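Inspection log for the structure reproduced underneath, given as structure tokens.
Nothing here was measured: the structure is a model prediction, and the numbers come from that model.
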There are 2 protein chains.
Amino acid sequence: MRTNNPDASLPIGIFDSGVGGLTVLAALRARLAREYYIYLGDTARLPYGTKSKDTIVRYSVQATAKLVERRIKLLVVACNTATAAALPDLQKKFAPLPVIGVVEPGARAACKAVAHKREDCRILVLATESTINGAAYTRAIQALLPQAQVTGVSCSLLVPMAEEGWMTGPIVESVIRRYLEPLLGEKTQGAAALRPDCIVLGCTHFPPLAASIAAVAGKEARIIDSAVTTAEVVQKELQKLHLLRPEEAPEKATPGIANDIPSELAYRPDNPTRRLRLLTTDAPERFARIGSLFLNLRIAPKEVELVAL
Amino acid sequence: MRTNNPDASLPIGIFDSGVGGLTVLAALRARLAREYYIYLGDTARLPYGTKSKDTIVRYSVQATAKLVERRIKLLVVACNTATAAALPDLQKKFAPLPVIGVVEPGARAACKAVAHKREDCRILVLATESTINGAAYTRAIQALLPQAQVTGVSCSLLVPMAEEGWMTGPIVESVIRRYLEPLLGEKTQGAAALRPDCIVLGCTHFPPLAASIAAVAGKEARIIDSAVTTAEVVQKELQKLHLLRPEEAPEKATPGIANDIPSELAYRPDNPTRRLRLLTTDAPERFARIGSLFLNLRIAPKEVELVAL
């Protein structure tokens, strides 16, 4: 694909409340390896998931403005809470910038996963308190699949647990069980169990906990992570707008573009290509340490830029 | 005590990152029942404990300025993280306002608790990542008791767990055990156990977890909560400055002053005395719901005022 759109050379902006959105960045890098990325994690004010809609909208607008100031060609709201609370506001306020959230792609992936079931189709959504209260997933899923039975469970504590780097083990499973137990039923009592056909990870902090969630909820349920589907949507949108980076980009001059190239190259500040910029509103060292677990790539603290919102 | 200082009629300001500081407010109300209080919880940006010193100082200055704007006679920084990071800055910036933190009173209470031991005296401090990294408790304790062996353990996840209302039970104990286990040793291996003489709850979110902490750490250790000692220090400071409310205050016209009077009276917006004002920077409903657990008093959402910092 050839394009003369000068904006195609700009980076894709990604915004999250903290490091959770790095799971979306990882999916984007895997799919669109030639693109440049600028990621902002609002760690000075995280978590968003227990905050009010008004506050989440205000924080999201500030974060987007910061990325727009650096110039981006498209924004990914890589945070379910911010998507659920603020997506329409961001799309309106920053038009014509294309703004893509993670809820609709996640809902679409869930519907695809249960497409073989014509009736009695059960979808479980795990998310933060704010996302569940706003019911954005229920609306998005039922718009695509009206017969789906959607159950949302707020699991706010999984966010700081993942931020603490606790991804697996008996404690993590106990916490998940405590949130899910009322739904999963107890065999001894013969209570009706939920037995979901698929489980949507409705928070970008949850993918690293997927194995623990599967261990509790049962291996039968398909686990849906919106990161991959979001990357697909971003690719289609950039294609449609002729904003994909041109294929003739000089491969040799731009190291660090594929996952099999040493990642350090992509971050080094003295690397003129700067394919990946990481911004945070607080504690770059903590961002680097925990972020490495989410991005599945070593991040050095000096490669994270501190910004004020 | 009789005083003509007009400022004695002003309320005591209390500031915390969220609802944890309500444990300090409860201790103050129990000790200084005649006083008026204005409490600010910066829930829009909590938790502070995983944030950097610079950010904590900035947030603390903003919160204090908001309370000073409302007029207060003394400020209690009812947050260990904010005390450890920002107390000297606040004292300097807002002089001559007396500003009292919770770390020094907590350290003093711990030293008093182990005063009977002349040597091999072990103090365990549980606090947030930021408080432990800054080592404020170690310095404060060793200034009073140089021979004390102080061990600090960062237990960041206990904050959101308490905010979620999970105060007791097997999961809470598992999380505490995971943080403490390396220190408590394993009987089977005969490893040297820490066996603390006292455990300092170095975060105002931890007092509701005290029973679970005792269950894990052993009943022998004295559990120290800085709230009660902080209230003592506040009383002494107000006495010294002749700022205690005069005893001749008309008892009958000021309902809700003691813990045995129905609490609702103290909060009701149409109550002209307004002995207790609660401010929050986000989600008054959540503040009321979780805050009731910490204050041990029912708070109605409409009694919590939303403010911007």
Side-chain angles (χ1 to χ4, degrees), chain A residues 17-19 42-59 62 85 128-130 133 154-166 168-179 181 205 280-287 289-290 301 304 306-309, chain B residues 17-19 42-59 62 85 128-130 133 154-166 168-179 181 205 280-287 289-290 301 304 306-309:
Chain A
S17 63
V19 296
D42 188 11
T43 50
R45 304 188 291 197
L46 75 79
Y48 281 13
T50 49
K51 293 179 176 119
S52 69
K53 187 177 187 300
D54 286 352
T55 294
I56 298 163
V57 169
R58 187 158 46 94
Y59 290 176
Q62 290 169 349
T128 63
E129 188 175 327
S130 167
N133 288 350
S154 146
C155 309
S156 298
L157 199 55
L158 297 185
V159 176
M161 215 168 59
E163 287 268 346
E164 189 78 342
W166 295 16
T168 54
I171 293 177
V172 177
E173 291 182 21
S174 302
V175 171
I176 295 166
R177 190 169 291 114
R178 174 148 174 185
Y179 282 121
E181 210 145 51
H205 278 88
T280 185
T281 54
D282 192 36
E285 198 163 316
R286 187 179 166 89
F287 183 97
R289 175 163 48 88
I290 312 286
V304 182
L306 186 65
V307 295
L309 287 188
Chain B
S17 63
V19 296
D42 188 12
T43 50
R45 305 188 289 197
L46 75 78
Y48 282 13
T50 49
K51 293 180 176 119
S52 70
K53 185 176 188 303
D54 287 352
T55 294
I56 297 162
V57 169
R58 186 157 47 93
Y59 289 176
Q62 291 169 348
T128 63
E129 189 175 326
S130 168
N133 288 350
S154 145
C155 310
S156 298
L157 198 55
L158 298 185
V159 177
M161 214 167 59
E163 288 268 346
E164 189 77 343
W166 295 15
T168 54
I171 293 177
V172 177
E173 290 182 21
S174 303
V175 171
I176 295 166
R177 191 168 291 114
R178 173 148 173 185
Y179 281 121
E181 209 144 52
H205 279 87
T280 184
T281 54
D282 192 35
E285 197 163 317
R286 187 179 167 90
F287 182 97
R289 175 163 49 87
I290 312 286
V304 182
L306 186 65
V307 297
L309 287 187

Checking [X] against chain B: side chain, backbone, both or neither under 4.5 Å from a heavy atom?
X        : result
A:Ile56  : neither
A:Pro284 : neither
A:Tyr48  : neither
A:Glu163 : neither
A:Thr43  : backbone

Quick check for you: among A:Ala44, A:Ala283, A:Pro160, A:Ser174, which has the greatest number of heavy-atom pairs under 4.5 Å with chain B?
A:Ala44

With A:Arg58, which residues qualify under side-chain hydrogen bond (donor to acceptor under 3.5 Å, both in side chains), at least two apart?
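By the side-chain hydrogen bond (donor to acceptor under 3.5 Å, both in side chains) rule, A:Arg58 matches no residue at all.
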
Out of B:Glu164, B:Glu285, B:Arg178, B:Arg177, return the one with the most heavy atom pairs under 4.5 angstrom to chain A.
B:Arg178

Is it the side chain or the backbone of B:Glu129 that comes within 4.5 Å of chain A heavy atoms, both, or neither?
side chain

Residues A:Asp282 and B:Thr55: closest non-hydrogen pair is OD1-OG1, 2.7 Å

Kindly state each residue pair satisfying salt bridge (Lys or Arg N to Asp or Glu O under 4.0 Å) with at least one member in residues 42-56 of chain B, sequence neighbours excluded.
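The answer is B:Asp42-B:Arg45.
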
